[in-house]
Amino acid sequence: MTRFFTVGKYRQHNRKDHRYDLPRLTLTVSNLEFQTYDWSLGGFRIKDYNGRPPVGDTAIVSALSYFEGKAIAVNCKATVTRIVLGKDQVAFSFNELDEIAFEFLEEASIHRLALLSASDK
């Protein structure tokens with residue numbers, strides 16, 4: 001039996017990791033570079049692209065950066081979890097984060113807090 005669920009204003013996300021829009025990350029997914037709409041340690045959302053795997057398929061994330069900094073090489077697997085048709089976006093969930101990617105995303109989370117505190121002044 002197939003289960004259907006509603007995504008949108010009528011249903012809360014059951015997400016373990018809260019997604020952030022700052023700092024905006026740049027990712028290399030399946031050898032194509034994208035900026036994120038939002039991200040967390042659990043996944044990310046990017047603009048749709050030609051050749052996108054269908055929901056449930058896996059893609060390789062091979063580089064991460066933010067604020068036009070130098071990209072670091074990573075080796076992460078992410079699964080397509082959702083296609084947002086009206087917004088032309090794709091959401092991914094990380095299956096595997098290597099240690100470098102995990103540390104990078106933690107550092108970006110801390111940097112986000114610094115950005116938010118600076119904007120409050």
### Query
Is there a side-chain contact between L41 and F94, using heavy atoms and a 4.5 Å cut-off?
no
### Message
Does D57 have more than 12 heavy atoms from other residues, nucleotides or ligands lying within 6.0 Å of its CG?
### Response
yes
### Query
Between Y49 and F34, what is the ring plane arrangement, given parallel below 30°, perpendicular above 60°, and tilted in between?
tilted
#### Entry: Non-hydrogen side-chain atoms of T36 and L27 separated by less than 4.5 Å
yes
#### Entry: side-chain hydrogen bond (donor to acceptor under 3.5 Å, both in side chains) partners of Y20, counting only residues at least two apart
none
### Message
Given 3.5 Å as the limit, does a donor-acceptor pair link the side chain of W39 with the main chain of P23, or not?
### Response
yes
### Heavy-atom side-chain proximity of I83 to V55 below 4.5 angstrom
yes
### Query
Any chain of hydrophobic side-chain contacts (each under 4.5 Å) joining V90 to I60?
no
#### Entry: Side chain to side chain, T58 and K77, heavy atoms closer than 4.5 Å
yes
### Query
Under 4.5 Å between any side-chain heavy atoms of E103 and E107, yes or no?
no
### Task
State, yes or no, whether a side-chain contact exists between L105 and L25 at a heavy-atom distance under 4.5 Å.
yes
### Task
Could you tell me whether the side chain of T79 and the main chain of T81 form a donor-acceptor pair under 3.5 Å?
no
#### Entry: Side chain proximity check, F44 to D38, heavy atoms < 4.5 angstrom
no
### Query
Are N75 and S62 side-chain neighbours, meaning at least one heavy-atom pair lies under 4.5 Å?
no
### Query
Under the salt bridge (Lys or Arg N to Asp or Glu O under 4.0 Å) test, which residues partner D88, sequence neighbours left out?
K47
